[in-house]
Amino acid sequence: MLTKGPKGTKDLLPQDSYKWHYVENIIKELCDSFGYKEIRTPVFEHTELFERGVGDTTDVVQKEMYTFEDKGNRSITLRPEGTASAARSYIENSLYADPQPIKMYYLISCYRYEKPQHGRLREFHQFGIEAFGSKRPSIDAEIISLAIELLNRLGIVNLDLNINSIGCPKCRKDYNDKLKVYLKDNLEKLCKTCHDRYEKNPMRILDCKSERCKEITQEAPVLLDSICDDCKEHFESVKSYLDGMNIRYNIDTGIVRGLDYYTRTVFEFISKDIGAQGTVCGGGRYDGLIEELGGPSTPGIGFGLGLERLLLTMEAQGIYIPKPEPFKIFIANLGIKADAKAQTLVQELRKEGVSAEKDHMGKSLKAQMKYANKLGVHYTMVLGDDEINSGKAALKDMQTGETQEILIDELLDVLKMI
RNA sequence: GUGGGUAUAGCUCAGUUGGUUAGAGCGCUAGAUUGUGGCUCUAGAGGUCGUCGGUUCGAUUCCGAUUAUCCACCCCA
């Protein structure tokens with residue numbers, strides 16, 4: 001137990017961290033060019049924020065939160081997603097008083113008590129963006145286009161973009177009533193899960209995979225056909241902006257996001273390459289959220305993108321991630337005096353921005369060379385008594401095997417020249 | 001929360017129809033004439049065969065439980 005991380009967690013090991021840095025750096029550049037600035041909020045929040053924001057009937061809130069009481073008897077929860085915190089901060093810091101829209105992004109860890117499987121962990125990582133203050137459909141399209149651009153820059157292909165509109169709270173209530181009337185006669189024929197869904201979230205029944213439920217819902221009214229004129233117009237406009245940007249999408253009238261705050265535009269990016277948990281990115285509009293949390297009535301839209309799932313997709317598609325640059329030079333040494341000199345030299349090189357390494361294991365010269373080879377260094381230099389006394393040493397190119405004699409004092413200049 | 005699979009070396013996996021000292025490849029460490037890597041060869045270290053219990057003269061092997069892990073449902077990123 002002591003030497004085993006908690007269930008559903010995964011260490012990122014030193015030899016793999018460059019993969020995450022690669023993706024994170026591309027994300028940062030991308031957000032920069034789109035004008036989204038980073039926000040950092042705490043890992044934990046008051047439990048009530050998620051109950052109110054995400055919705056206390058959702059699975060996430062009802063059975064997946066890491067909630068505990070702190071020593072001051074406050075109920076605290078490890079964030080299960082990022083939007084609620086961003087919204088809280090927007091209100092708390094009066095960002096609504098600044099010129100709108102407020103555009104932000106975050107790279108965070110999230111926590112949900114779930115049963116782990118492929119593409120699903122208890123601690124997972126999200127890249128998310130949020131735009132507060134604009135109700136116009138062009139911002140919906142911009143948010144989607146940012147995700148598209150990220151996938152393009154990473155070289156990911158074969159992700160389906162599905163979009164839908166789930167209307168405003170008013171059209172959704174009307175629709176739910178309509179749907180319940182339709183389903184009422186067949187209530188007993190639905191699977192157990194859907195039977196439960198009938199009261200809780202009838203729209204989810206449309207998404208059920210059981211054949212019987214599919215049959216029953218085949219003729220059910222479609223939400224997209226039932227939304228109000230304003231919502232319809234908004235959706236049409238989003239689509240035409242996407243068309244204008246050459247973004248291909250499917251309209252999936254079955255998309256029902258599992259968090260309560262969503263309104264109007266909702267969308268998902270699905271990967272077929274990573275098993276059952278294929279939703280790499282999911283998001284949508286949340287025009288009621290800020291007000292629900294006690295702020296001024298403010299529209300907003302954003303998405304969350306699962307970094308583990310993104311990396312899994314890249315791996316499945318065989319996308320190459322550039323490996324970090326190896327050391328420029330390894331300075332091997334023999335004897336106490338040479339070791340001290342090597343230590344000094346390495347420090348001087350590093351100070352000047354030249355990556356350098358030496359032995360710290362007391363290895364034999366041969367073993368040091370082997371080690372240097374394994375590190376993939378460009379050059380090696382051997383220091384022994386002879387070199388210390390003469391002030392000259394052989395600089396060896398590990399690719400060609402060629403050596404050239406140089407003055408030890410000029411090592412930095414020589415390395416900077418090649 | 002429900003269902004199914006798996007558990008032998010650091011990693012990937014053989015294997016024992018129940019029987020003395022449990023194997024391979026890779027990796028790691030050391031060596032193949034004096035102070036030079038890659039290729040090759042040799043040697044070494046490393047496992048209470050996930051844990052507990054049962055059957056048995058004897059269990060790593062059969063049975064049960066438990067834990068971990070993987071996959072799917074559910075849910076979502």
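Chain letters run A, B, ... following the sequence lines, proteins first, then strands; residues in each count from 1.
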Seminar exercise, completed: When rounded to whole Å, the CD1 to P distance for the pair Ile274(A) and C71(B) reads 11 Å

Problem set entry | G19(B) versus U61(B) - spacing of their P atoms, nearest Å | 11 Å

Problem set entry | Partner residues of Arg136(A) under the salt bridge (charged side-chain N to carboxylate O under 4.0 Å, His left out) criterion, sequence neighbours left out | none

Problem set entry | N or O in side chain of Lys7(A) less than 4.0 angstrom from U69(B) OP1/OP2 | yes

For this session: Grab the CD-P distance between Glu308(A) and C70(B) for me, whole Å please.
Result: 13 Å

Problem set entry | Distance, rounded to the nearest Å, where Met381(A) contributes CE and U36(B) contributes C1' | 14 Å

Exercise. Between Lys170(A) and Asp174(A), is there a side-chain N and carboxylate O pair less than 4.0 Å apart?
Worked result: yes

Problem set entry | 5'-most by nearest nucleotide on RNA chain B - Gly8(A) or Met398(A) | Met398(A)

Seminar exercise, completed: Rounded to the nearest 0.5 Å, the CE atom of Met65(A) sits from the CD1 atom of Ile76(A) at a distance of 11.0 Å

Problem set entry | d(CG, Asp260(A); P, C75(B)) in whole Å | 14 Å

Problem set entry | Asp140(A) and its side-chain hydrogen bond (donor to acceptor under 3.5 Å, both in side chains) partner, picked from His234(A), Lys135(A), Arg264(A) | His234(A)

Seminar exercise, completed: What residues 114-121 of chain A contributes to the RNA chain B interface at heavy-atom separation below 4.0 Å is Glu114(A), Lys115(A), Gln117(A), His118(A), Gly119(A), Arg120(A), Leu121(A)

For this session: Please determine, by modelled atom types, if Gln399(A) and His378(A) share a side-chain donor-acceptor pair under 3.5 angstrom.
Result: no

Seminar exercise, completed: Closest to the side chain of Met369(A), out of G37(B), G35(B), C73(B), is G37(B)

Exercise. In terms of side-chain heavy atoms, does Glu142(A) have a donor or acceptor partner in Tyr36(A) at a distance below 3.5 Å?
Worked result: yes

Problem set entry | Within 6.0 angstrom of Arg40(A) CZ, more than 12 heavy atoms from elsewhere | no

Exercise. How far, in whole Å, is U42(B) from G47(B) if one measures between their C1' atoms?
Worked result: 24 Å

Exercise. Ignoring hydrogens and angles, does a donor from either the side chain of Gln399(A) or the base of G38(B) sit under 3.5 Å from an acceptor on the other?
Worked result: no

Problem set entry | Close residues, residues 37-45 of chain A, relative to RNA chain B [heavy-atom separation under 4.0 Å] | none

For this session: Have a look at Leu307(A) and say if it touches a base, only the backbone sugar-phosphate, or nothing, with a 4.0 Å heavy-atom cut-off.
Result: nothing

Problem set entry | Length of the line joining Leu395(A):CG and U36(B):C1', which is rounded to integer Å | 13 Å

Exercise. Any donor and acceptor pair, going by atom type alone, linking the side chain of Thr77(A) with main-chain N or O of Thr67(A) inside 3.5 Å?
Worked result: no

Anything under 3.5 Å between a protein N or O and an N or O of nucleotides 25-29 of chain B, put it in a table, one pair a line.
unit_1, atom_1, unit_2, atom_2, d
C28(B), OP1, Lys374(A), NZ, 3.3

Exercise. Roughly how far apart, to the nearest Å, are C41(B) and G46(B) at atom C1'?
Worked result: 22 Å

Would you tabulate the side-chain donor-acceptor contacts of residues 359-368 of chain A under 3.5 Å, counting partners in other chains and residues two or more places apart, or write 'none'?
unit_1, atom_1, unit_2, atom_2, d
Asp359(A), OD1, Met361(A), N, 3.0
Asp359(A), OD2, Met361(A), N, 3.3
Asp359(A), OD2, Gly362(A), N, 2.8
Asp359(A), OD2, Lys363(A), N, 3.3
Ser364(A), OG, Ala367(A), N, 3.2
Gln368(A), OE1, Asn333(A), N, 3.0
Gln368(A), NE2, Asn333(A), O, 2.9
Gln368(A), NE2, Lys363(A), O, 3.0

For this session: Examine the base of C76(B) for any acceptor or donor lying under 3.5 Å from a partner atom in the side chain of Glu64(A), and report the outcome as yes or no.
Result: no

Exercise. In whole Å, what separates the P atom of A65(B) from that of U6(B)?
Worked result: 15 Å

For this session: Remember a base hit wins even if backbone is also touched, and classify Gly401(A) as base, sugar-phosphate or nothing at under 4.0 Å, heavy atoms.
Result: base

Problem set entry | Qualifying residues under salt bridge (charged side-chain N to carboxylate O under 4.0 Å, His left out), relative to Glu51(A), sequence neighbours excluded | none

Problem set entry | Side-chain donor-acceptor pair present, Asp243(A), Tyr249(A), cut-off under 3.5 Å | yes

For this session: Ignoring hydrogens and angles, state whether a donor on the side chain of Glu130(A) or Tyr90(A) is under 3.5 Å from an acceptor on the partner side chain.
Result: no

Exercise. In residues 319-341 of chain A, which residues come under 4.0 Å of RNA chain B by heavy atom?
Worked result: Leu334(A)

Show me the donor-acceptor pairs within less than 3.5 Å that the side chains of residues 113-124 of chain A make with the rest of the protein, sequence neighbours left out.
unit_1, atom_1, unit_2, atom_2, d
Glu114(A), OE1, Arg120(A), NH1, 3.3
Gln117(A), OE1, Arg120(A), NH2, 3.4
Arg120(A), NE, Lys115(A), O, 3.0
Arg120(A), NH2, Lys115(A), O, 2.7
Arg122(A), NE, Glu114(A), O, 2.6
Arg122(A), NH2, Glu114(A), O, 3.1
Glu123(A), OE2, Tyr111(A), OH, 2.7

Problem set entry | Summary of side chain to side chain donor-acceptor pair (under 3.5 Å) pairs that have at least one residue in residues 316-326 of chain A, sequence neighbours excluded | Asp273(A)-Gln317(A)

Problem set entry | Between G15(B) and U21(B) - C1' atom distance, rounded Å | 16 Å

Exercise. Which is true for Val382(A) with a 4.0 Å heavy-atom rule: it touches a base, it touches only sugar-phosphate, or it touches nothing?
Worked result: base

Problem set entry | Between C52(B) and U60(B) - C1' atom distance, rounded Å | 15 Å

For this session: Starting at atom CZ of Arg122(A), determine the distance to atom P of G1(B), rounded to an integer number of angstrom.
Result: 8 Å

Exercise. Considering residues at least two apart in sequence or located in another chain, which fulfil the ring pair (Phe, Tyr, Trp, His ring centres under 6.0 Å) criterion with Phe267(A)?
Worked result: none

Problem set entry | salt bridge (charged side-chain N to carboxylate O under 4.0 Å, His left out) partners for Asp16(A), two or more places apart | Lys19(A)

Problem set entry | Residue met sooner reading RNA chain B from 5', once Thr58(A) and Leu365(A) are mapped to nucleotides | Leu365(A)

For this session: Using a strict 4.0 Å threshold on nitrogen-to-oxygen distance, state whether Asp32(A) and Lys28(A) make a salt bridge.
Result: no

Seminar exercise, completed: Here RNA chain B, pairs taken as Watson-Crick or G-U under 3.5 Å and shown with ( ), [ ] when crossing and | when to another strand, reads (((((((..((((.....[...)))).(((((.......))))).....(((((..]....))))))))))))....

Exercise. If you take atom types as modelled and just measure distance, does the side chain of Lys366(A) reach the base of G31(B) with a donor-acceptor pair under 3.5 Å?
Worked result: no

Exercise. How close or far is atom P of C75(B) from atom CG of Leu259(A), stated in whole angstroms?
Worked result: 13 Å

For this session: Could you tell me whether Gln62(A) contacts a base, only the sugar-phosphate backbone, or nothing, with contacts defined as non-hydrogen atoms closer than 4.0 Å?
Result: nothing

Problem set entry | Asn164(A) and Asp252(A): side chain donor to acceptor below 3.5 Å | no

Exercise. Tell me: NE2 of His378(A) to C1' of G37(B), nearest whole Å?
Worked result: 15 Å

